[in-house]
**Student:** 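What follows is a single structure, and I will ask about it in a moment.
Since we're looking at a predicted model, the values are computed, not measured.
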Amino acid sequence: MEQGKIAVKDLLHIVLGTLFFLVIAAASVGLDLLAKWVDTLNVDKFTSGAIAVTAHALLVIDLVLLFIHVVGSSIDLLKEMKK
């Protein structure tokens, strides 16, 4: 029964962590939309470009860290299940 509790705890950790990363990805999408809206205001291209680059960098970093989180948590779950 102890293994079941550990598995549920680890699966909950994976799911909640993934939801956290989805929130950050949504912020990245929001920044990208902001960059497109700022571009329609006829401001300097550097400003809208900087916002767009920030959005893309945030999304790439978020995806890399999400992958690390899911793989690391899955490995921990498998180790706990083998005990």
**Student:** Is L66 linked to V64 within one hydrophobic cluster, defined over Ile, Leu, Val, Met, Phe, Trp and Tyr using a side-chain heavy-atom separation of less than 4.5 Å?
**Tutor:** yes
**Student:** Listing request: all salt bridge (charged side-chain N to carboxylate O under 4.0 Å, His left out) pairs with a residue in residues 41-53, at least two apart in sequence or in separate chains.
**Tutor:** D39-K45
**Student:** Show me the pairs that pass salt bridge (charged side-chain N to carboxylate O under 4.0 Å, His left out) and involve residues 11-35, at least two apart or across chains.
**Tutor:** D32-K36
**Student:** Taking a hydrophobic cluster as the set of Ile, Leu, Val, Met, Phe, Trp and Tyr residues connected by side-chain heavy atoms closer than 4.5 Å, whether directly or through intermediates, do V29 and L22 fall within one such cluster?
**Tutor:** no
**Student:** May I ask whether L65 and L31 are part of the same hydrophobic cluster, defined by side-chain heavy atoms of I, L, V, M, F, W, Y residues being less than 4.5 angstrom apart, directly or through others?
**Tutor:** no
**Student:** Nearest 0.5 angstrom please: K9 NZ to I14 CD1, how far?
**Tutor:** 11.0 Å
**Student:** In the hydrophobic clustering that connects Ile, Leu, Val, Met, Phe, Trp and Tyr at side-chain heavy-atom distances below 4.5 Å, which members other than F67 occupy its cluster, ordered by chain and number?
**Tutor:** V71, I75
**Student:** Connecting only ILVMFWY residues whose side-chain heavy atoms lie within less than 4.5 Å of each other, what is the rest of F46's hydrophobic cluster?
**Tutor:** none
**Student:** If I take atom OG from residue S28 and atom CG from residue L34, how far apart are they, to the nearest 0.5 angstrom?
**Tutor:** 11.5 Å
**Student:** From S73 OG over to E80 CD, what is the distance, rounded to the nearest 0.5 angstrom?
**Tutor:** 12.0 Å
**Student:** Can you run down the salt bridge (charged side-chain N to carboxylate O under 4.0 Å, His left out) pairs that involve residues 58-78, sequence neighbours left out, and say none if there aren't any?
**Tutor:** none
**Student:** Hey, can you pull the donor-acceptor pairs under 3.5 Å for the side chains in residues 49-59, sequence neighbours left out?
**Tutor:**
unit_1, atom_1, unit_2, atom_2, d
T54, OG1, A50, O, 2.8
H56, ND1, A52, O, 3.3

**Student:** At what distance, to the nearest 0.5 angstrom, does CG of L11 lie from CG of L16?
**Tutor:** 11.0 Å
